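So that the names make sense, note that chain A is the first sequence line, chain B the second, and so on, each numbered from 1. Please read these numbers as outputs of a predicted model, since none were measured by experiment.
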There are 2 protein chains.
Amino acid sequence: MKRDSQATRRRILDEATVEFARHGIAGARVDRIAASAGCNKAMIYAYFTSKDRLFDAVFDAAVVRNVTDVPIDAADLPEYAARLAEQYEKYPEVDRLATWDRLERGGAGARTTTITAATAHKVEAIAGVQRTGLVSDRLPAATLLELIYAIARTRFDSVAPGEGAPVPEHRRETVKEAVARLVRP
Amino acid sequence: MKRDSQATRRRILDEATVEFARHGIAGARVDRIAASAGCNKAMIYAYFTSKDRLFDAVFDAAVVRNVTDVPIDAADLPEYAARLAEQYEKYPEVDRLATWDRLERGGAGARTTTITAATAHKVEAIAGVQRTGLVSDRLPAATLLELIYAIARTRFDSVAPGEGAPVPEHRRETVKEAVARLVRP
DNA sequence: CGGGCTACCAACCAGTTGGTTGGAAGTATG
DNA sequence: CATACTTCCAACCAACTGGTTGGTAGCCCG
């Protein structure tokens, strides 16, 4: 068959993203990833060394995209949070991968240099805006960021599933309103 | 050895709680549960039928305790959220079990009659207080409850791990302040 | 055109694991 | 004291699974 190692690697990563997001590390099956990627299991080990390293690659790719796609705007935290919520809506697997990482690996994936640097930058940006008085300093910058993350990740589907769950536009407004209240001076 | 089926069942449930909270369903090992419960694996199947049913029993016990231990007080939502946060601090396995349930079973455990009834009651209680004007109705009652849950579950340890993470008392005040802002009319 | 390298694969291995079986042992009762 | 019931167990089974091996086949280059 026609060969293209870059294409094979790409398909493995894509299908592994789906499999890990759905089943986590312990529940994912390397055989299933190979089957849906249309290649042999040995190829996965050739490119990624082990199941765990494959998860690393998947996690890093997903998280880097989130950090890149949604830069912080400390001057407009409600809007920033709304864009973050949209990103989670667009890529629900990212939150799932982050949650699997927290449960199965104690959050090790989130302690990479890329993420910790990005996070430190965000905290400093929020602290800066707090010093100008535009954002309340009743809560520390790091705490505020965690709350913004928690609110942006909320899907609003578990209390009243199927009914009253906000459509994306409502979710955006909900997140915006909630964060606006948190940061109001 | 002296026999006591109630005691054996209790030990299995306790050790299964630890194992499922730590590893989830796919990652938990029935052999490990048996070993730490000090009984034979066959006993687990005698009492609980299957690994999945054992998780059901563990989940139900943990969740029922949360619902029972922390009844809602719609007249003081910030304080209610603070008590909820304390409960999560006291029993961190509950949030983990709920999260595994969401990831591995699509939240099926949370859709039991006990929980949906308790939730409906809470939503109605919040809606009632909104009608009196004491709590803002900018956000629907169900949405407000989801946000309260999200805030109460936040551990404030992932943005600045190890440093600046609030001690329980600070966490309580942080949750209270955040929820007070959300519900302010 | 043939050799060598790269990309790929079917079959396999050794260990694991949820669940079962054919009992043994403790205990209660007649 | 013997029987029967309940609680418990060691060994086992069949299927599974992460990872490896001994290749094959496509393709490039001299």
Dump the pairs, protein N or O against N or O of nucleotides 17-21 of chain C, anything under 3.5 Å, distances to one decimal.
unit_1 : atom_1 : unit_2 : atom_2 : d
C/dT17 : OP1    : B/R29  : NE     : 2.2
C/dT17 : OP1    : B/R29  : NH2    : 2.9
C/dT17 : O5'    : B/R29  : NE     : 3.1
C/dG18 : OP1    : B/A28  : O      : 3.2
C/dG18 : OP1    : B/R29  : NH1    : 3.3
C/dG18 : OP1    : B/K51  : NZ     : 2.9
C/dG18 : OP2    : B/V30  : N      : 3.2
C/dG18 : N7     : B/K41  : NZ     : 3.2
C/dG19 : OP2    : B/Y45  : OH     : 3.4
C/dG19 : OP2    : B/K51  : N      : 2.9
C/dG19 : N7     : B/K41  : NZ     : 3.3
C/dG19 : O6     : B/K41  : NZ     : 3.0

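- Distance A/E19 CD to D/dG18 C1': 14 Å, rounded to the nearest Å.
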Could you give me the CA-CA distance, side-chain angles and deciding distance for A/S136 and B/R181, then say whether side chain to side chain donor-acceptor pair (under 3.5 Å) is met?
-> CA-CA 11 Å; A/S136 166; B/R181 285 166 168 265; 2.9 Å; yes
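- Within the 4.0 Å cut-off from OP1 or OP2 of C/dT6, not a single side-chain nitrogen or oxygen of A/S5 is found.
- For the pair A/R155 and A/Y88, the NZ or CZ position fails the cation-pi test of under 6.0 Å to the six-membered ring centre and within 45 degrees of the ring normal.
- No contact: A/F48 has no heavy atom under 4.0 Å from any strand.
- The ring-ring contact (aromatic ring centres under 6.0 Å, His included) test with B/F20 singles out one residue from B/F55, B/W100, B/F48, B/F59, and that residue is B/F55.
- A/I12 places its CD1 atom 10 Å from the C1' atom of C/dC8, with the value rounded to the nearest Å.
- Contact check for B/D95 versus B/Y149: no side-chain heavy atoms found under the 4.5 Å cut-off.
- One finds no salt bridge joining A/E19 and A/R96 here, because no Lys/Arg side-chain nitrogen approaches an Asp/Glu carboxylate oxygen to under 4.0 Å.
- Looking at heavy atoms from C-beta onward, A/V63 lies out of side-chain contact with A/T114 at the 4.5 angstrom threshold.
- For the pair B/R3 CZ and C/dA24 P, the interatomic distance rounds to 13 Å; values are reported in whole Å.
- To the nearest angstrom, P of C/dA24 lies 17 Å from CE of B/M43.
- One atom, CZ of A/R10, and another, P of C/dA7, lie 17 Å apart when rounded to the nearest Å.
- Taking side-chain N and O atoms only, A/Y47 has a distance below 4.0 Å to OP1 or OP2 of C/dC8.
- Rounding to whole angstrom units, CD of residue B/Q6 and C1' of D/dT6 are separated by 13 Å.
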